[in-house]
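Got a structure here, written out as C-alpha cells. Questions coming.
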Amino acid sequence: MAAEHPPGRTAPSPLPAGVPAKRQSLVGLSADAGSPMLADRRRRLRLVAGLVGLSALLLFAGLAAGSDGWSAAELMRTLRGPDAALIIGQIRAPRTLGAWLTGALLGLAGATAQGLFRNPLADPYLLGSASGASLGVVLVLAAAALVGHGVSLATADAIARIGLVGAAFAGALLGVLLTLALARGAQQTVRLLLAGVVVGVVLSAVGDLVTTAAPEALRGKQVFMLGSTGFLGWGSCAALGLGLVACVPLSWRWSRALDALTLGDDSARSLGLSLPRVRAVLVTALALATGLAVSQAGLVAFVGLAAPHLVRRFAPAPHGFTTLASAAAGGTLLLAADVLARSLIAPQEVPVGALTALIGGGYLLWLLHRRRVA
Amino acid sequence: MNGRRLRTALPAALLVALLPLTALAQPTLRDDRGVAVAMAVPPQRIVSLLPSLTESVCVLGACARLVGTDRFSNWPASVAALPKLGGLDDAQIERIVALKPDVVLVAPSARVIERLEAIGLKVIVLDSRDHADVKHALTLLAAVLGTPAAADRAWAGIEADIADAAARVPARLRGQRVYFEIDATPYAAGAGSFIGQTLARLGLGNIVPAEMGPFPKLNPEYIVRAQPDIVMAARRDLAAMPRRPGWSTLRALRSGQTCGFDAAQDELLTRSGPRMGEAARVLADCLASIPALPDGR
C-alpha cells in the first residue's frame, strides 16, 4: 500500500493530468497554459468580484430592510433614532450576518458533498443530517406531550431542556453517525449514499410517528422544515462563524483529493490517496457545517444544491476554488432571500426557504437556458 | 289539447312541489360551502372530525349522539371513550363508514369531503374562524339536530361568560395593546382573529391590526418596535422570549406584564368553538393577576 499523504503536500501529486503540480492560486491556474485557461481565470475573477460586490450590497440592504419594508431613508431615520443600537445592532445586523453565514456553510457543505459523491444531485442533507435534525426538534417540541406515552417526566424534562438549537445540532450529527455506522465507515461511496437515504427515511418516519402522538409539535416541525432566519442573534453568528472558520481550511486542504477523485476511485488510489480517510475527514466537515446551519436556521432548501452549480456554471474550476466560491454564493443566495423575505410583505414575512428555491432555481434555470441557446 | 294542458299543468306542479320548501324555512340553512343541510329526520349517529364541532354538538346537548371523533377531540371527557378516526387530512374512511353515521361534521378540507360524499355520506362543512362563524355553526347545528332553541341558550352562555370576564379586567389595563403569540416563529393572533375579537371584548387593543390577517407570520423586529403593553404566549415560549435577539428590551417582559399559558389553557385559547367564553375567563384571570406598574397603571 502506498504511504498516506495529506493531499497537496508531497509527491506523488494526487492531481489529475493537465492540472499543474504547482498549488493553484485561489483564483486560477498559472498563466502559462494559453488563452482558454486565461479565459477561465478571468471568469473566476469576475465571479469572485461579483460575489464580493453582491454580498457587500446585500449586507447593506440587510441593515436597511426591516419591519417597515426596504428603505434607505428609513434606515437613516432609525440610525438617528433612540432605538438604533437595538434595532440595527441587536436585530438586523446579526440576522443579516447570520443569514450569510448559514448560506455559506450550506454552500460549502453542498460543494463538498457533490465532490465527494461525484454526484451533481448531492446536497448537504444527504447523509441523514436533515431528518436527524428534524427528529431532534420534534422530540423537544413533543417532550411534554409524550409523558404517558412511555416517556417518564424526568426524561421529558431533560429533553425539553436541551432546547431546539442543541437538539437540531445533536440530531444532525447523530443522523450522520448512524449513516456511517450503517455503511460500516466511509469505505464505499454507493454504500454511504444508500445508507444516508435509508437513515433519512427511517428517521423522518420516526418523527412522523412522534407528531402523530403529539400533534402540537406539528406546527413547530413545519416551521423548521421551511427554514427561518428571524431569530439569528450574535450568539448564533458566533457559532456559525466558528463553524465556517473550522470548515473552510479543512475543505481547502482536502480539495485536491476531490480533484483526484474525479478520475475515479482506482485512479485516486493509485495516486496515493487513502480514500476512507479522505471521506472520513470530508464527511466530518460536511456534518459539522450542515449541523450548525440547520440548528440555527432550520432546513433551508436548495442553497446547498444550487450554490455549487451556480459557481460551476459560471466558472469551471478545481474543487478548492469551487468549494470556497460555493460558500460565498450560498451566503449571497440566502442573504438575498432573507432580505426579500423581510421586505416583500413587511411587516409580515415570507418563508425564507421558499425564496431560496425561487431565486436559486430561477437563476439556475436561466443559466441552463442560456447555455443551450449558445 | 294535450300540449296545452301540459303547459298549464307544469308550472302548477312545480309550484306545488316547491311550496313545502318555501313554507318550511324561509332562509334555507346552508353550510359553509352553500350546500343545503336540511335533513328529513334529525341525525342520531354523528361523526365529528374537528374538536370545536365535537364541543359544539355536546354543548347543544347531543353528546350522546356522537359515535366517533377525530383524534384531537378531548372535551368533554366523555368523548375520550369514542372511536378516534384520525384527523381531517388522514381520516379513516373505512371506519367512518362502518360506524354508519347519519351525518359527518368537518371543517373545509377538500379531500376528505369529496371522499365521504362519493361514498354517499351526508357531510356538513362548518368553518370556525371568528365569533360569527362559531355562532353560525351553533345555529346551524342546533337546527339540524332538531333543537333550534339550544343554539340561543349556548350562545347566550358564551356571551355571559365573556361579559363576566370583561367586567373582571382591571380598569388600568383597558386599552392596553396586546401581543398574543400563537407560535414562536413568530405567528401572532391579530385583531381580526377570534382571539383578537375576544381580547377586544375584554377592552384590550392589539399590536397587529385586522388588515394584516388573522394569524400573520411577523418579522420579530415588528414586535420589538411595537413595544406591546402586554405579552401573551404559551408559558414555555414566554420563558424563552428574553433570549431572542433584542427582545430583552421589551418593557412588558421586564415588568412582568405577561400571561403565560399551560398546555391545557393554550389549547382552550386557540380553539374557536363554544368554549370561547371559558377562554375569556382564563384571560381575565391572568389579566387580574398582572402586577400594577409603579407609575400606577
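Hydrogens, waters and symmetry mates are skipped; everything else that's a heavy atom, side chains included, is used. Since the structure is predicted, the reported quantities are computational estimates derived from the model, not experimental observations.
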**Report entry** N219(B) and R95(A), any side-chain heavy atoms less than 4.5 Å apart
**Finding:**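 They are in side-chain contact.
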
**Report entry** CD (Q222(A)) with more than 12 external heavy atoms under 6.0 Å
**Finding:**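 Atom CD in Q222(A) is not packed in, count stays at 12 or less.
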
Query - Within 6.0 angstrom of R95(B) CZ, more than 12 heavy atoms from elsewhere - result: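 Check passes, neighbour count above 12.
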
Query raised in the report: In terms of heavy-atom proximity below 4.5 Å to chain B, should S236(A) be classed as side chain, backbone, both, or neither?
Result: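 Contact with chain B: none, neither part.
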
Query - Proximal component of I223(B), with respect to chain A [non-hydrogen, under 4.5 Å] - result: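 Neither the backbone nor the side chain of I223(B) comes within 4.5 Å of chain A.
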
Requested in this report: Could you list which of residues 335-344 of chain A have a heavy atom closer than 4.5 Å to any heavy atom of chain B, in residue-number order?
Outcome: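 Residues R342(A) are the ones that qualify, each having a heavy atom under 4.5 Å from chain B.
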
Query raised in the report: Does the side chain of E221(B) reach to within under 4.5 Å of the side chain of P347(A), using non-hydrogen atoms?
Result: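 Answer no - side chains too far apart.
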
Report task. Go through the atoms of T249(B) and report whether side chain, backbone, both or neither lie under 4.5 Å from a heavy atom of chain A. Result ->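 Side chain of T249(B) only, per the 4.5 Å heavy-atom cut-off to chain A.
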
Query raised in the report: If you measure from CG on L218(B) to CD on E349(A), what distance do you get to the nearest 0.5 Å?
Result: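 Those atoms lie 8.0 Å apart.
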
Show the atom names and distances, to 0.1 Å, of all donor-acceptor pairs under 3.5 Å that link a side chain in residues 77-89 of chain B to residues at least two apart or in another chain.
{"residue": "K84(B)", "atom": "NZ", "partner": "T69(B)", "partner atom": "OG1", "Å": "2.8"}
{"residue": "K84(B)", "atom": "NZ", "partner": "S73(B)", "partner atom": "O", "Å": "3.2"}
{"residue": "K84(B)", "atom": "NZ", "partner": "V79(B)", "partner atom": "O", "Å": "3.1"}

Report task. Please flag which part of I345(A) lies under 4.5 Å from any non-hydrogen atom of chain B: side chain, backbone, both or neither. Result ->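 Looking at I345(A), nothing touches chain B.
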
Requested in this report: Would you mind checking which part of R71(B) comes under 4.5 Å of any heavy atom in chain A, side chain (CB onward), backbone (N, CA, C, O), both or neither?
Outcome: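 It is the side chain, since no backbone atom gets that close.
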
Query - Interatomic distance, Q90(A) atom CD to W247(B) atom CH2 [nearest 0.5 angstrom] - result: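 Here the interatomic distance stands at 14.5 Å.
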
**Report entry** R177(B), CZ: over 12 other non-hydrogen atoms inside 6.0 angstrom
**Finding:**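 It does: R177(B) CZ has more than 12 such atoms within range.
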
Query - Closest heavy-atom pair and its distance - G230(A), P220(B) - result: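 That closest heavy-atom pairing would be O-CG, 3.5 Å.
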
Query raised in the report: Which atoms of A184(B) come close to chain A, meaning under 4.5 Å heavy atom to heavy atom: side chain ones, backbone ones, both, or neither?
Result: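 Backbone only.
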
**Report entry** Distance in Å, R243(B) CZ paired with F231(A) CZ, rounded so as to fall on 0.5 Å steps
**Finding:**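 Result: 12.0 Å between the selected atoms.
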
Query raised in the report: chain A: which of R244(B), R225(B), M212(B) shares the most heavy-atom pairs with it under 4.5 Å?
Result: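 When all of R244(B), R225(B), M212(B) are compared, R225(B) has the most.
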
